[in-house]
Every structure is written in C-alpha cells, then in structure tokens.
Amino acid sequence: DVKVTQSSRYLVKRTGEKVFLECVQDMDHENMFWYRQDPGLGLRLIYFSYDVKMKEKGDIPEGYSVSREKKERFSLILESASTNQTSMYLCASSLDRGYTEAFFGQGTRLTVV
Amino acid sequence: DAKTTQPNSMESNEEEPVHLPCNHSTISGTDYIHWYRQLPSQGPEYVIHGLTSNVNNRMASLAIAEDRKSSTLILHRATLRDAAVYYCILNFYNQGGKLIFGQGTELSVKP
C-alpha cells in the first residue's frame, strides 16, 4: 500500500517561529502537494511539485515556501508563523499527472499561539 | 483554473442509491475528473476518476456528460459508512497534474 506520512499529527508553535512540516511518500511518486483545510473553506492548494527541485504555486502560497530535494520528501516551511496559519495541513502524492489517483496523509493540526 | 460546483449537502437513506452531481462547465479537453471523499478526522481518499467515458469500480460509478460539463458520482447502495464529504475535482493534466478542490458535498445517510 502507498503510504504518505506526515511527521507530526499535532503541532503547537509560537508566533514568529520558523516551522517545518515534513511529508514522505514511499511509492516513488512524481507529484506531491501541500493543502490547508479550514472550516467552511475546504481544501486549498498551497504548493505542489511535479519533480525533484520543481515547485509550482497553488492558490494560497503567501507566507509559505517548500523544498523538494529528494523525490520522496516534500517539506512545507512557514518562515515566520502567524496565528492565521493555524490550520489542518494535508500532504498528498500521486504517481503522475491527470490520470492517477492521489494519496493523502493523515494531516498535521498546527496551532500557532 | 476551471472550477467545480457541487451542492453543499445531500441526504440519503441507507441501502438506496445516491447520485452526487458536479458541474464543471469550463473544463478543458485534457482535464481529468476525479472524485475523492473525506471521512471525519481523516485525509481525503480517492473514489474514482474519468476523462470521457463512464467508469465503474468497486466503490462507485462515474457518469460523465457527453459535453463533459457535468458529471455524477453514483453510490449504488449507500451505507452508514458512506457518510462523508465528497469532492469533485479536476486534475489539470497540462499543469503538471495540479489538483484543485472545491467545497464538496456533505452526504448524510439515514438508517
């Protein structure tokens, strides 16, 4: 079975801290995605990557950056965490574009205080 | 980016079929139609996808309109475990497979 693993299930950080959210997939997938999910707003795409060292902005990239140095790992970075970044963060991966399914991790509930 | 439109919520009775509609009037020729569902406190899980033809798998069926501007996810016999938020999304083939989610339909199933 494909597994997408997010490093933490719950995280509490202080305003202004630099925060790293890690995601690892074990099936040699090309594409990886970071979403945030907020009540009433659904899942919103932050960034995605279709290859190592390649990244594309999603709908809400402001305040975030990403890193993909290895195919299996996609990191989401909050350079200076703010309270409005308190959210559920979901990572996903897919083998290729268009016709393949995406697999999601269990999510990281981040609280910025 | 082309977007999808779904009803906010739907109700069904257990063991009855459920038809979940989705409009995607600005879909382009290379965009795949995907359906995912999200159970409470879990990440979304894949249900089914298609491009032009209707599709069946063990979970559901996907009926795609001839002009591709709408589609319908069909659960043949709803169970209580099917209560979830169902997302109809487009997979943008020409944008590297970008997946953009809409608001989804919250399906409740009554015993």
Side-chain angles (χ1 to χ4, degrees), chain A residues 1-6 9-10 21 23 25 27 29-61 68 74 87-109, chain B residues 1-9 22 24 27-53 55 57-60 62 64 68 73 84-106:
Chain A
D1 279 353
V2 173
K3 188 170 271 188
V4 178
T5 304
Q6 296 184 227
R9 191 89 164 103
Y10 299 94
L21 301 183
C23 176
Q25 49 92 4
M27 284 298 290
H29 281 178
E30 300 289 334
N31 289 2
M32 296 189 75
F33 307 82
W34 274 108
Y35 295 87
R36 64 176 282 177
Q37 185 169 29
D38 302 288
L41 296 177
L43 280 85
R44 292 180 291 168
L45 181 64
I46 305 172
Y47 270 98
F48 81 104
S49 168
Y50 52 88
D51 201 351
V52 175
K53 296 190 187 292
M54 304 302 290
K55 60 185 179 184
E56 292 285 341
K57 293 179 180 179
D59 290 338
I60 52 163
R68 193 168 181 201
F74 192 35
S87 185
M88 171 67 82
Y89 290 87
L90 288 156
C91 174
S93 73
S94 66
L95 178 62
D96 204 340
R97 55 184 177 170
Y99 45 84
T100 59
E101 63 191 276
F103 296 85
F104 282 79
Q106 287 299 306
T108 297
R109 170 73 64 185
Chain B
D1 291 337
K3 294 288 193 284
T4 62
T5 305
Q6 302 174 252
N8 287 334
S9 62
C22 180
H24 29 79
I27 191 172
S28 73
T30 55
D31 296 339
Y32 283 75
I33 301 157
H34 283 231
W35 283 81
Y36 289 76
R37 72 179 187 181
Q38 187 173 22
L39 302 170
S41 302
Q42 294 188 24
E45 64 173 347
Y46 168 82
V47 177
I48 200 167
H49 77 274
L51 183 62
T52 55
S53 304
V55 183
N57 66 21
R58 63 174 179 82
M59 289 182 72
L62 176 60
I64 301 173
R68 301 208 328 124
L73 179 71
V85 178
Y86 286 79
Y87 295 97
C88 164
I89 65 176
L90 301 181
N91 190 316
F92 298 101
Y93 183 87
N94 285 336
Q95 295 183 49
K98 186 164 70 170
L99 288 171
I100 299 293
F101 280 72
Q103 294 298 307
T105 296
E106 184 168 11

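Letters A, B, ... are given to chains in the order of the sequence lines, protein chains preceding strands, and every chain is numbered from 1.
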Next on the checklist: Which atoms of A/L45 are under 4.5 Å from chain B, going by heavy atoms: the side chain, the backbone, both sets, or neither?
Outcome noted: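 For A/L45, the contact with chain B is made by the side chain alone.
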Checklist entry - Relative to chain B, which segment of A/E30 carries a heavy atom at a distance below 4.5 Å: side chain, backbone, both, or neither? => result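 For A/E30, neither part sits under 4.5 Å from chain B.
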Next on the checklist: With heavy-atom distances below 4.5 Å as the criterion, would you say the side chains of A/L43 and A/F104 are in contact?
Outcome noted: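 Of all side-chain heavy-atom pairs linking A/F104 with A/L43, at least one is under 4.5 Å.
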Item to check | Sequence neighbours excluded, every pair satisfying salt bridge (Lys or Arg N to Asp or Glu O under 4.0 Å) that has a member inside residues 36-45 of chain A | outcome: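 Qualifying pairs: A/R36-A/D38, A/D38-A/R44.
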Next on the checklist: I need the full list of ring-ring contact (aromatic ring centres under 6.0 Å, His included) pairs touching residues 39-61 of chain A, with sequence neighbours left out, sorted by first then second residue.
Outcome noted: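 Of all non-adjacent pairs touching residues 39-61 of chain A, those that pass ring-ring contact (aromatic ring centres under 6.0 Å, His included) are A/F33-A/F48.
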Item to check | Heavy-atom pairs under 4.5 Å with chain B, option from A/E56, A/M88, A/Q37 with the top count | outcome: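 Highest number of pairs under 4.5 Å: A/Q37.
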Checklist entry - Step by step, would you call B/R37 with B/Y86 a side-chain hydrogen bond (donor to acceptor under 3.5 Å, both in side chains)? => result CA-CA 4 Å; B/R37 72 179 187 181; B/Y86 286 79; 3.2 Å; yes
